[in-house]
Every structure is written in structure tokens, then in C-alpha cells.
Amino acid sequence: MKRPDDLKPKINVNDIKETSVAQKNAELLRETIRYHNYRYYIKNDPIISDDEYDKLYATLIDLEEKFPQLKSENSPTQKVGGEILDEFEEKSHPTPMLSLESVFKKEKVIDFFHSFEKESHIDSFEIACEPKYDGAAVEIIYKNGVLNSAVTRGDGTKGEIITENIKTIPELPLKLIGYEDKNFTDQIVVRGEVVMFKNDFNMLNDRRMKNGEDMFANPRNAAAGSLKQLDSSITANRPLHIFIYEFTNAGETEIGKHTDALKKLKSLGLPINDSEVRTVDDSDDMINYHSELANRRKTIKYEIDGTVFKLNSLDQRKDIGSTSSHPKWAIAYKFEPKRTTTKLKDIDIQVGRTGKITPVAILEKVELGGVEISRASLHNFRIIRDKDIRVGDYVVIKRSGGVIPQIVKPIKDRRKKTNKVSIPGKCPACQSELMVSDDLKQIYCTNIKCKAQLVQSLVHFASKEAMDINGLGKETSEVLINEEIIENMSDIYNLKKNDLLELDRFDHKRATNLLDEIKNSKNNKFSNFLYGLGIPMVGKHLSQVLSKKFKDINSIMQSDIKTLSKINDIGPTVAESITNFFQNDKNKHEISTIIDKGMDLENKLYSNTNGKLQRLTFVFTGELSNWNRDEAKSIVEKKGARATSSVSSETDYLVVGSNPGSKLDEAQKLPVKTISEDEFVQMIKG
Ligand code: IVH
């Protein structure tokens, strides 16, 4: 935009008598004010003080009041006010305002990227990455450089005309800057998101609370609500902002790329958030953009709910096209929504494999982060009591980092018919008295013959990451236990085909398959067996740690708390849990029965006789010239060692290939011995 010769034209309104002089001065002031608006809002680099600006603005208002015939809709003074409407009129969008397809998983983003590689007519392409603003979408039309209309998204085909309200947004020009000189398309159709900054939102809500007015739930609602005011002076008092993100009819111009379209719009004085826009040509960079944005999310002034990825070439967009609801050239990669609400239908009482009783919320199905949720954890009965959660309540649920969803709180204001939750006195499975701690946090069924506990233990033992017995899921385990075909976990190794054939769910083939699976499980890895035992506090990782330290099950069973506590990652509490488990007669009996049945509980890591690498742990970094990572891993495993992905004090050797990563620094810090690929080759030859 051209800088006016005089940044502060001195005009004395009292001295002006003739309309033609007034007209000339009004135009001069308007152009100057537009330029300062541009410097302030768009370039973020004002060159006059707020006081100086206010004086210019006040002079223009005086002049327009003295000569009302000069008033112009495009004057910067027209930002506030306008008549109060009875209702909003509607207007069709020149092209439908489609929505974006939302995804929550990075694999879907990668698929989106590869979808263009498959297109025969696309050789190379760029993706523009932008924040997904969480506000209210609008379409704004400039005709011959002048703001003509602003319309809400509405049903996508037509929306409500909110022109007067949109004009109140300070950084949005009513007249495009330097448009006349640009020999450009008559009509410019842009789309953008109206947002309220987080701090403004908080201040607005504080004010509303003090005045006893309803508060807005979030900045999006506040922005949308403010745009829908029939009296635009109300909107003018709401601190709104806008980011323009699309130039819908750029295809009618010479512009070939979305990012160039944004540059052009910026040069016309439109608010473009270009510092946040990045173009990439690699799916890794798309994911990196998203992660960086997610990391900064809290510190960003406005709310965002993900990333929008868009094909940058406007011609390629045209080739790719749209479905009836969304363009195929763009996608929204959303952050995991943190919360949603649903109805608590019931509370299920679960008996864990240790006898621990846990309440589980049964919910009306709801989607959260692209996943359908119908159950949530309630932890314990103390929480139910403290939060006063009742069956029939609407509840807020949250998911953080992919873990099981949790109930945050009941929405008491929505409460109608609800039932208080009572503390169970008897085990729902075996009806025996429960042991309830005073604080209600620990409730246990202490009946060692409780079938529900056995079902859970067996399901865990047979699970994929433990003994991997296909076909021994919850239902089959329940049938086998309820029909008293098995009474202990180890009984599965006594199962006969006829036992199974007596049951409805087994025919010949299914019975044979299950027996084969059970037989094969005897050859499982030692660490899998340890995990399958279900020792309290020992998960997959610690099972591996134990399997690396001990040569067989007997040596673990015989070790004491002191020995166990010396192992990295095992503290005294876990050590105590392990020793308690192995001191328990029932557990001892189970293990010896399983060994009698031919389970190989020698630690294969150690029983491997193939040489020098026994017991060693390798980590690889950088590129190896002889093998890829998987091949190298399988070589060390064949030699009785193991390969892990990160360096720790458990690592014996870091094998360093070319272009090593940060693992090398970590190894040097710890320290862990590093060897070259050649040295590694010598080592495995042995
Ligand atoms: S481009 C054809 N870019 O997301 C789609 N939309 O479901 C063109 N949104 O309500 C939209 N930030 O208002 C685009 N950087 C961005 C966006 C964005 C937020 C909103 C948009 C619409 C929704 C799409």
C-alpha cells in the first residue's frame, strides 16, 4: 500500500465551508486512516501513536457530521453502528461453503498425502499447513475493492447477512488498499474465521458475571454470538478478530497457488495470519507442523482445534475436486478433543484378577476424538461419593493421551431423575462379603475361589501380549470356568478334546484349534509368561526387565526384596509385590503345575548357546551398511542377545552407523560403550 505523503494531514473542520473542499479533505483523511489501520492491524507496525490516530479519526467524524451528505459506507468511521435489524436476511454463497473432513490419526494424514501421489496427472505437489481456527466461519465479498457483504456459513448454501457486524472488526478494511491500481478481478470472495482472543474472552465473561449476565461457554460461542447481534453497536463492543484463510475465486485471476493468493490478499490489506502458514512437500513435515502447533497451543492468543492441510496448487485442487460435503484437496487434522458430555446409564461392578472391585461407568454412546465411547473408568467408590455422581446424570468425560476415558464430573444443573450409587457389600460374582477400606478406595473380594477373578486371570494369561492363546477370550473363559471344566489357570494344560466338545460353542475344528494354541503357548517367551502371571505392578516392561536379569522362573521365585530392588526400574514396593506373589501357595502351585505340563520356563535368552552375545543388550543408531534395523535386531536375537530402541543403563553396546542420532550423545553421557559397525561384525562372527 502506498504511504500517504502526509501521515497526519492538518485539517481544521471549522474553517471548511465548501462541500467540494470538505469532500477532498474527507477522502484524504479516509485514505490516511486506512493506511494507519493497515500499518497497525495488518503489518503490526504502526508509525503514529494511538493519540495521533484518535485525533485523525475524530477530525473525520467532525467533518462527516458537519457535511452529512459526504457520509460514505466505506468510510473507516462506519465501523460502528448502523440501524438495528428486526431479523437477518439470508444470502446464497457464490459457491457452497463446504466443511472439512476431520481426522484424528496421523496415519490418515499420511494417507491424505499419498492420495495425491497416486494421481497420474500430479507429478509434484505442495501442501499448505495452517492452524484450524476455532471460531465462526464467514464469507466476505468485496466488490470493486469495497466491502459489500458478509454472510455466515449457515447451511453451507446460504447464510445470514451480518455485514454491519463484520464491519466492526477493527483490522478488516471496508475498502481494499490500492485496489484501483491493481487491475484486478471485480469481485473478491474471501472466507475466514471470526475469533475472540482468549484473554478478551475471559475479560468479557468476567464482566458478564459481574453484571449477572449469562456467560459464554467458550471463545467460539462468544464470537458466534457476537456476530449474531441485530444491533451492531453490541457487536462493536465485543473484541472480535478475523483471520482470512481462503480466496475462493482466486482461480479467476492469474494466481496459481493458495499461498500466493494469501500474499495478494495481504497486500490488499486483508488480515492474513501468514506467519503461521507453512508449505511442505513431505508427510513427515505435515506431522511435525501439527506437533509443533500442538505444543504451542496453550501459548497462542486464540483457540485452535487442529491443523488444516491444503493442496497449494489451485489447478491441482480443481482436478482433485470435492465430495458433496468436503473438498478432497484439504483435510483437518484435529487435536484430540479433551472433553465431551454424555449420559451415565449404569454402573458396572468389575472384579479384577486380584479380587479388586472397580466401578465402571456405562455410558450412552458418544464420540470423543473420533472414537466411540460407551464405558469410562470411575477408579473407585470414594470418587463416586465425593463427586456425587449418580446413575442417570449427564456427565463430563475426558480422554487424555489415548488412555481410557474418565468421568470428570456430573452436570448437576441437568439433573432430573437420578439414582444414588450404593457401595456394594457383596461380590457381584461369588456373593461373598467384600472387604471395604474406610476411605472406600479399596474394595476387595477375598474369596480365592471367586470365579470372576479366575476369568480375569485367565483372560490376561491368554492375551496376545502374554501367552497369546487365540480363542481363549472372555466368553470362552467364562464358559470353561462357570461349567467347572477348569478350576485353576493351569488346568487349561489338562484340557481334553472331549471336555470341549461337551460345550455348545465347540465343534471339532474349534476344539482342535484351541488345544493346538494352548500347546503352542508352552513355547512362548519367558517374558510373556512372566507378564501372563499377572503379578500386581508388573506390566510388560518390568516382565522384560525381570526376564533379562534371571535365568529361569526358580531364580526369580527365590530372590528377596533386597535383590529385586537393586534392579533398575524396580523399587521396594514392586519388589515386595513380586515376592508376595511368589510366596503365595496358590501361585506357587499354579507355576509348578504349569512346569509339570511341559512349559519351558528356562529363559530362552540365556539358554541360547550360540555364543558370546548372551545376555547382552544392543542399541543401534545411524545407518548400517550391512543390514537394516530389523535385520540387525534379528541377528543379535539369534545370538542370544537383544536389541532395544533406546539407550539406558541396561544397554551394553551402542552400535554406531553413519549419521548417528541423539542416542550417541545419550550413550556418552551415561556412559554406555559404543562400537562401530565393523567392531559389531567382528563380535558376531565369534
Ligand atoms: S479452509 C472447503 N482453513 O473449519 C473448506 N477452514 O469444517 C475451506 N477453519 O468452519 C475451509 N480454520 O471455518 C479453512 N485455516 C483454515 C481454517 C478453516 C478453521 C474452519 C472453517 C470451517 C471448518 C471446516
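The figures here come from the full heavy-atom set of this structure, side chains too, leaving out hydrogens, waters and symmetry mates. Along the sequence shown, residues are numbered consecutively beginning with 1. Numbering of ligands and ligand atoms starts at 1, following listing order.
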Side-chain donor/acceptor of [X] to backbone N/O of [Y], under 3.5 Å:
X    : Y    : result
N144 : Q187 : no
T341 : V395 : no
Y179 : K143 : no

**ring pair (Phe, Tyr, Trp, His ring centres under 6.0 Å) pairs, two or more places apart, involving residues 187-243** = Y133-F243, F197-H241, F243-Y302
**Complete:** At a 4.0 angstrom heavy-atom cut-off, ligand 1 is contacted by L98, S99, L100, E130, P131, K132, Y133, A137, E193, Y245, E246, V308, K310, P327
**Asked** Are R390 and D388 close enough, and set up right, to give a salt bridge (Lys or Arg N to Asp or Glu O under 4.0 Å), and what steps lead you there?
**Response** CA-CA 6 Å; R390 303 184 192 177; D388 186 19; 3.0 Å; yes
**Request:** Answer yes or no on whether R278 is positioned over the face of Y289, meaning its NZ or CZ is under 6.0 Å from the six-membered ring centre and within 45° of the axis.
**Result:** no
